[in-house]
Amino acid sequence: MSVNIPEIFGSNVFSMSVMQQRLPSHAYAEVVDVMEHGGNISMATADIVASAMMNWAIEKGATHYTHWFQPLTGATAEKHDAFISRPEDFHTLLRLTGKQLIMGESDASSFPSGGLRSTHYARGYTAWDMTSPVFVKEDSCGTILCIPTIFVSYHGEALDKKTPLLRSMEAINAQALRILRLFGNNQTKRVFPYVGAEQEYFLVDREKYLKRRDLIYTGRTLFGSPAPKGQELDDQYFGVIRYRVGKFMADLNEELWKLGIPATTQHNEAAPAQHELAPIFTMCNLSVDQNQLTMETMKRVATRHGLVCLLHEKPYAGVNGSGKHNNWSLGTDTGENLLDPGDTPNENLQFLLVLSCIIKAVDIHADLLRCSAANPGNEHRLGAQEAPPAIISIFLGDQLDNVVSQIISNADSIRLLTSGKLDSGVSTVPVINKDGTDRNRTSPLAFTGNKFEFRMVGSSDSIADSNTTLNSIVAEAFCQAADVLEHAEDFDSACYELIHDMLRDHQRVIFNGNGYSQEWVEEAARRGLPNLPSMVDAIPALTTDKAVELFTRFGVYTRSELESRAEIMFETYSKVLRIEARTMIHMAGKHYIPTGLRYVTQLSQSLAAMAVCPEACSDVQRTLLIRCSSLISEANQALEQLKALIVQVDAMDNMSQMAATYHDYVAPTMAKLRRPIDELELLVDKSMWPVPTYGDLMFEV
């Protein structure tokens with residue numbers, strides 16, 4: 001059945017056009033004014049809007065509404081309330097008031113708070129984010145009216161990822177406008193960060209998934225030998241999409257389009273059973289919401305097709321993991337992209353100032369950017385020849401890099417490298433106009449024409465933290481530049497001098513080479529760039545004096561909010577590793593070692609039977625028996641070590657110390673347990689092995 005995209009796109013969204021149709025003109029005008037200039041809508045208007053929303057949602061089959069928010073778990077949260085008000089004379093009355101629309105209350109102590117909330121101080125508030133449209137979500141509970149909100153404590157501390165993001169957007173807007181005014185732009189009223197998040201994911205057959213406790217509990221395989229074929233032939237990438245996967249993708253697209261999510265690109269990724277979806281750019285906070293919705297929808301739609309969507313960064317060892325490329329740019333309400341270099345970037349003073357400010361920001365706050373992409377799953381892919389290294393650097397490409405070099409060397413006139421044309425040598429194929437630069441897949445932060453692509457974010461992660469950090473550090477650099485230039489007597493000369501100084505002082509962060517190489521690790525150390533290989537190493541960046549000064553100056557985080565987030569990150573790392581370790585203990589003790597013992601017993605009985613006829617005894621069987629027995633013994637020894645370690649770590653009460661112990665001691669012991677069991681998988685009779693193998697999981701979708 002064909003899908004009419006224009007007809008269904010945004011059909012489940014209470015968009016501005018729907019609002020304009022359903023609201024009185026004065027109410028609509030008030031809503032638009034508040035959305036564009038801030039402030040509060042009157043309660044009378046809130047009642048009108050709430051009633052219109054409810055009626056629209058009921059027409060779509062909705063029975064409940066929810067304040068949809070993003071707590072510090074990294075997922076989303078919702079509590080459903082029916083539209084039913086107190087029945088009168090046994091007649092049901094349906095109602096959604098302005099007060100219910102604008103504000104809700106939730107138990108703030110049941111979400112991660114990092115010490116901001118105690119169990120006995122539980123009150124938290126959700127408040128309507130008017131800049132993100134209300135939508136209806138269709139799932140097993142029925143149709144739910146979802147109202148995007150922020151989530152704060154009784155004392156106003158941010159308990160979510162949305163509040164700091166919105167604060168950072170206000171900060172970069174204010175400072176970017178200062179820059180634009182210096183260039184004589186008085187028409188622009190707002191500057192927005194725009195984001196497009198590419199989403200990678202794996203699909204696995206649900207029946208096989210349910211036979212793997214590690215996938216169920218942790219989202220990744222904690223054991224498993226490589227399949228005979230992986231991604232060596234590079235035949236998965238952009239390959240023909242399998243029928244079952246294609247049906248899933250078609251269903252997914254339709255669901256996303258209904259929610260107004262402009263999903264466009266779909267393809268097979270590098271690893272078997274790995275895929276990617278990418279949307280069109282949209283405003284930063286809306287993009288964050290839409291990416292969360294995309295992940296939720298992927299999981300829900302996969303279930304319909306007898307599949308499970310794996311969003312873990314490294315579901316399978318030995319093949320590529322999954323990331324989320326965060327494409328970030330700055331746009332004005334008049335349609336200008338501040339990161340568009342134009343045809344002559346060497347002469348585009350405004351672009352060069354914006355670019356140099358970003359380079360400065362990334363160099364100064366590289367540790368914060370690295371921290372913004374830190375989660376336990378990302379430990380397994382960053383720097384693993386499939387994702388950017390843990391060292392933050394910027395790729396500009398030959399053309400811009402040459403411009404930067406000329407500026408630093410004080411060239412009399414800045415020449416622009418021409419990109420030229422590409423003739424394929426085929427007469428029936430047109431000559432191609434080459435881009436100004438090639439792409440660099442190994443760069444954590446690459447300039448790709450008119451945007452920066454931050455490639456470190458993990459596939460399961462919210463993109464809120466990375467964009468909050470990007471917005472904040474660039475706002476600081478804009479502010480410092482404006483402080484200098486607003487007092488300049490000769491603006492052009494002062495601007496060029498400032499660009500020169502920033503590029504000269506921060507050029508160390510520019511690197512156009514192979515970020516996967518060991519040579520770059522050594523070169524980065526010589527340059528003095530931070531190398532934070534693990535999440536545990538990166539977390540302290542949040543609470544340095546430099547970070548506190550940045551975030552408090554622009555009102556993005558308070559010191560206590562930063563400290564709470566650091567505490568939550570240490571706690572999350574420890575809890576994830578603990579769950580993984582306990583799952584390994586369960587699987588090794590109840591599945592793998594008993595299976596190995598049964599196989600060894602079978603071999604022993606076979607050899608005992610052959611002893612009656614010695615000439616029938618097999619050297620292969622003896623060797624196999626000895627090897628399997630040795631591996632079982634090795635696994636059991638590692639299992640006991642892991643059990644003892646978990647007991648020791650559980651007794652700790654300092655979260656940073658606990659996380660460090662999990663990283664330094666527990667994780668290596670987990671690897672020590674995995675090694676003999678993975679080898680045992682290749683020796684034990686396939687019919688006896690208790691779980692689906694990598695080949696079963698990745699190639700039978």
Side-chain angles (χ1 to χ4, degrees), residues 72-75 111-112 114 212-224 310-318 321-323 370-384 387 390 456-462 465 532-542 564-592 635 637-678:
L72 297 175
T73 57
F111 292 99
R212 295 280 314 212
R213 291 289 150 185
D214 45 5
L215 284 178
I216 292 172
Y217 295 139
T218 74
R220 76 180 182 102
T221 53
L222 301 171
F223 299 97
L310 302 177
L311 293 173
H312 194 284
E313 286 72 22
K314 195 74 172 180
Y316 307 109
S322 296
R370 167 67 183 93
C371 183
S372 76
N375 78 20
N378 238 3
E379 298 280 283
H380 305 284
R381 61 180 282 275
L382 291 184
M456 295 183 78
V457 186
S459 54
S460 68
D461 229 353
S462 165
D465 290 337
L532 305 171
S534 79
M535 179 175 176
V536 176
D537 296 321
I539 296 171
L542 272 179
S564 72
R565 278 151 178 78
E567 183 80 357
I568 289 169
M569 290 181 76
F570 280 126
E571 185 177 8
T572 298
Y573 182 86
S574 298
K575 286 180 175 178
V576 168
L577 267 289
R578 184 175 188 268
I579 291 169
E580 290 185 349
R582 286 166 60 88
T583 301
M584 291 190 82
I585 290 169
H586 171 89
M587 294 181 74
K590 297 179 74 68
H591 298 288
Y592 295 121
Q637 185 178 6
L639 175 62
E640 295 305 318
Q641 290 176 358
L642 188 57
K643 288 179 181 177
L645 265 176
I646 296 298
V647 172
Q648 294 176 25
V649 182
D650 282 351
M652 297 179 178
D653 55 11
N654 181 287
M655 281 299 164
S656 61
Q657 181 187 3
M658 181 181 289
T661 305
Y662 268 108
H663 179 270
D664 295 342
Y665 298 100
V666 175
T669 306
M670 290 165 63
K672 190 176 177 183
L673 173 58
R674 175 172 185 159
R675 194 201 66 78
I677 290 177
D678 283 1

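Model, not experiment: these values are computed from the prediction. Just so it is clear, the values below take in all heavy atoms, side chains as well, and ignore hydrogens, waters and symmetry mates.
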*asked:* Pair Y662, R578 - check side-chain contact (heavy atoms from CB on, under 4.5 Å), show working.
replied: CA-CA 8 Å; Y662 268 108; R578 184 175 188 268; 3.1 Å; yes

*Measure across V457 and S462 and return the closest heavy-atom pair with its distance rounded to 0.1 Å.*
CG1-O, 4.5 Å

*Name all residues meeting the side chain to side chain contact (heavy atoms under 4.5 Å, CB included) criterion together with E580; count only those two or more places apart in sequence or in a different chain, and write none if there are none.*
T218, R220, L222, H312, V576, L577, M670

*From Q648 CD over to T661 OG1, what is the distance, rounded to the nearest 0.5 angstrom?*
9.0 Å

*Could you grab the distance from atom CD1 of I677 to atom CG of L639, nearest 0.5 Å is fine?*
7.5 Å

*OG1 of T73 to CZ of F111: how many Å apart, nearest 0.5 Å?*
7.0 Å

*asked:* I'd like to know whether CG of N654 has more than 12 heavy-atom contacts from other residues, nucleotides or ligands below 6.0 angstrom.
replied: yes

*Roughly how far, to the nearest 0.5 Å, is the OG1 atom of T669 from the CG atom of L645?*
4.5 Å

*About how many Å separate CZ of F223 and CZ of R213, when rounded to the nearest 0.5 Å?*
14.5 Å

_Considering all heavy atoms, the nearest G377-N375 contact_ = N-OD1, 2.9 Å

*asked:* How close do A659 and Y573 get, counting heavy atoms only, and between which atoms?
replied: O-CE2, 3.5 Å

*What pair of heavy atoms forms the shortest contact from T221 to Y316, and how long is it?*
OG1-CA, 3.7 Å

*Tell me, with the steps shown, if E313 and H380 meet side-chain contact (heavy atoms from CB on, under 4.5 Å).*
CA-CA 7 Å; E313 286 72 22; H380 305 284; over 6 Å; no

Donor-acceptor contacts under 3.5 Å from residues 581-592 side chains, at least two apart:
residue, atom, partner, partner atom, Å
T583, OG1, I579, O, 2.7

*Quick one: does N378's side chain have a donor or acceptor within less than 3.5 Å of a partner on M456's backbone?*
yes

*What are the two closest non-hydrogen atoms of P676 and K672, and how far apart are they?*
CD-O, 3.0 Å

*Going through the distances and angles, do I216 and R212 end up as a side-chain contact (heavy atoms from CB on, under 4.5 Å)?*
CA-CA 6 Å; I216 292 172; R212 295 280 314 212; 5.9 Å; no

*Between R565 and D465, is a side-chain contact (heavy atoms from CB on, under 4.5 Å) present by the stated rule, with each step listed?*
CA-CA 11 Å; R565 278 151 178 78; D465 290 337; 5.8 Å; no

*Distance (rounded to the nearest 0.5 Å) between R370 CZ and S534 OG*: 7.0 Å

*Write down the atom of A538, the atom of A374, and the distance for their closest heavy-atom approach.*
CB-CB, 4.5 Å

*Determine yes or no for a side-chain-to-main-chain donor-acceptor pair under 3.5 angstrom, with E567 supplying the side chain and M655 the backbone.*
no

